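Down below is the structure, laid out as structure tokens.
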Amino acid sequence: SSAFALSFGHLQNSAKFKALLSMGLGLLVAATKIFALLKETAFFAFIKSDSWLETATWMGLGFLPVLVLGLGPWLWTIAKIYFAFECESHIWNLS
């Protein structure tokens, strides 16, 4: 998405469409993996745990890192694509 933002002014509409389609498919695949991992972690945290300590451990060591390290960059990429269109310079996060 950074390369898209940097080349935004030089791309024709068809190239922008192709780049958006490619990034969209990549985000879709990443989302399926992130949410599957979150679902699996939540399953172990709430279903398989026998005590509140085990549940807290699964949430702290499994769910939160996946949420922050997986969903954070995913949302950041979406924001970069959005602001490539909204920002006049098209590179709001690099300037």
Side-chain angles (χ1 to χ4, degrees):
S1 60
S2 292
F4 177 71
L6 288 170
S7 62
F8 188 88
H10 304 289
L11 294 177
Q12 295 177 354
N13 288 338
S14 62
K16 288 177 189 174
F17 173 76
K18 290 176 187 177
L20 284 172
L21 181 64
S22 176
M23 289 183 289
L25 290 173
L27 285 168
L28 183 66
V29 169
T32 60
K33 293 177 188 258
I34 291 167
F35 289 115
L37 206 56
L38 288 172
K39 180 182 165 188
E40 189 74 21
T41 306
F43 172 76
F44 277 104
F46 293 110
I47 306 298
K48 293 286 188 177
S49 299
D50 295 330
S51 67
W52 68 270
L53 182 60
E54 208 173 322
T55 300
T57 302
W58 272 107
M59 290 300 287
L61 296 178
F63 193 81
L64 290 177
V66 171
L67 191 65
V68 171
L69 298 175
L71 201 57
W74 187 78
L75 291 171
W76 183 255
T77 302
I78 292 171
K80 286 171 36 174
I81 294 168
Y82 172 77
F83 283 109
F85 287 94
E86 292 297 317
C87 183
E88 288 182 24
S89 67
H90 308 296
I91 51 172
W92 67 278
N93 66 326
L94 300 175
S95 55

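The structure presented is a predicted model; accordingly, all values stated were derived computationally and were not measured. For the numbers below, each heavy atom of this structure counts, side chains included, while hydrogens, waters and symmetry mates do not. Residue numbers start at 1 and run along the sequence shown.
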For the [atom1] atom of [X] and the [atom2] atom of [Y], what is their distance to the nearest 0.5 Å?
X   : Y   : atom1 : atom2 : result
M23 : K16 : CE    : NZ    : 11.0 Å
W74 : L28 : CH2   : CG    : 8.5 Å
I81 : W76 : CD1   : CH2   : 12.5 Å
L27 : L75 : CG    : CG    : 9.5 Å

Between F35 and V66, is there a shared hydrophobic cluster once you connect ILVMFWY residues whose side-chain heavy atoms come closer than 4.5 Å?
-> yes
Can you name the closest pair of heavy atoms from T41 and L37 and give their distance?
-> OG1-O, 2.8 Å
Between L11 and A15, the two heavy atoms sitting closest are CD2-CB, 3.9 Å
Check: P73 main-chain N/O paired with T77 side-chain donor or acceptor under 3.5 Å | yes
Would you please classify the geometry between the F85 ring and the F8 ring as parallel, tilted or perpendicular, with 30° and 60° separating the classes?
-> perpendicular
Just wondering, do L20 and F17 contact through their side chains at under 4.5 Å, heavy atoms?
-> no
